[in-house]
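Structure first, commentary second.
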Amino acid sequence: MDANFYEQVYEVVRLIPKGRVTSYGAIAKALGAAKSSRMVGHAMVYAGSATPKIPAHRVVNSSGLLTGRFHFSPPTLMQEFLEEEGITVVNDKIKNFKQLFWDPLQEL
DNA sequence: ACGTTGACGGTTG
DNA sequence: CCAACCGCCAACG
């Protein structure tokens, strides 16, 4: 597989530390495609089929909202994983998102 | 080949 | 704070 945009997305997502989260836009921007944040989301769809497994539950939108929870089985699994890592989720939204936010641009 | 959809983000009202 | 709109571009039917 070529060094595709998706591969880079997966690479960054795997680098997300446990108990931390990031946003699609941040990843897109880190890959130099800030305007193609949607592509990051599409890459996450592939994440379910990709190997090794991608911790997609650590990726949320810019508001810290679990917009893609319905892609999990069951849809509540995403929140379950986050809370299991010590992240508090209220109303499908990450609490203290600003503090838990992991910026790939700052780390890479 | 074409139109629609969408795990987004930012701006405007 | 909430709703509507736009841009951006790959994937799907």
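Letters A, B, ... mirror the listed sequences (proteins, then strands); counts begin at 1.
- Every residue two or more places apart in sequence or in another chain that forms a side chain to side chain donor-acceptor pair (under 3.5 Å) with A:Glu85 is listed here: A:His57, A:Arg58.
- Annotation: salt bridge (Lys or Arg N to Asp or Glu O under 4.0 Å) contacts involving residues 40-54 of chain A, sequence neighbours excluded, are absent.
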Under 3.5 Å, sequence neighbours excluded: what are the donor-acceptor pairs made by side chains of residues 11-21 of chain A?
| from | atom 1 | to | atom 2 | distance (Å) |
| --- | --- | --- | --- | --- |
| A:Arg20 | NE | A:Leu100 | O | 3.1 |
| A:Arg20 | NH2 | A:Phe101 | O | 3.2 |

Under 3.5 Å, which N/O atoms of the protein pair with N/O atoms of nucleotides 11-13 of chain B?
none

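- Partners of A:Glu80 by side-chain contact (heavy atoms from CB on, under 4.5 Å), not counting sequence neighbours: none found.
- The side chain to side chain donor-acceptor pair (under 3.5 Å) search around A:Asp103 returns none, not counting sequence neighbours.
- Mapping heavy-atom proximity under 4.0 Å, the span of DNA chain C touched by chain A runs 5' to 3' from C:dG7 to C:dA11.
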Name each donor-acceptor pair under 3.5 Å that joins a side chain in residues 62-75 of chain A to protein atoms two or more places apart or in another chain, with its distance.
| from | atom 1 | to | atom 2 | distance (Å) |
| --- | --- | --- | --- | --- |
| A:Arg69 | NH1 | A:Asp92 | OD1 | 2.6 |
| A:Arg69 | NH1 | A:Asp92 | OD2 | 2.1 |
| A:Arg69 | NH2 | A:Asp92 | OD2 | 2.9 |

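- Note on A:Phe72: a base of the nucleic acid sits closer than 4.0 angstrom, heavy atoms only.
- Placement of A:Ile87 and A:Trp102 in two distinct hydrophobic clusters is found when ILVMFWY residues are connected by side-chain heavy-atom separations under 4.5 Å, directly or transitively.
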Would you list the protein and nucleotides 8-10 of chain B atom pairs, both N or O, that sit under 3.5 Å from each other?
| from | atom 1 | to | atom 2 | distance (Å) |
| --- | --- | --- | --- | --- |
| B:dC8 | OP1 | A:Thr67 | OG1 | 2.9 |
| B:dC8 | O2 | A:Ser37 | OG | 3.1 |
| B:dC8 | N4 | A:Arg38 | NH1 | 3.0 |
| B:dC8 | N4 | A:Arg38 | NH2 | 2.1 |
| B:dG9 | OP1 | A:Gly25 | N | 3.0 |
| B:dG9 | OP1 | A:Ser62 | N | 3.2 |
| B:dG9 | OP2 | A:Ser62 | N | 2.6 |
| B:dG9 | OP2 | A:Ser62 | OG | 3.3 |

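- Listed by first then second residue, pairs satisfying salt bridge (Lys or Arg N to Asp or Glu O under 4.0 Å) with a partner in residues 23-35 of chain A number zero, not counting sequence neighbours.
- For residues 41-51 of chain A, the set of pairs meeting the salt bridge (Lys or Arg N to Asp or Glu O under 4.0 Å) definition, not counting sequence neighbours, is empty.
- A:Arg38 meets the salt bridge (charged side-chain N to carboxylate O under 4.0 Å, His left out) test with no other residue; sequence neighbours excluded.
- In this structure, A:Tyr6 places its OH atom 14 Å from P of B:dA7, rounding to the nearest Å.
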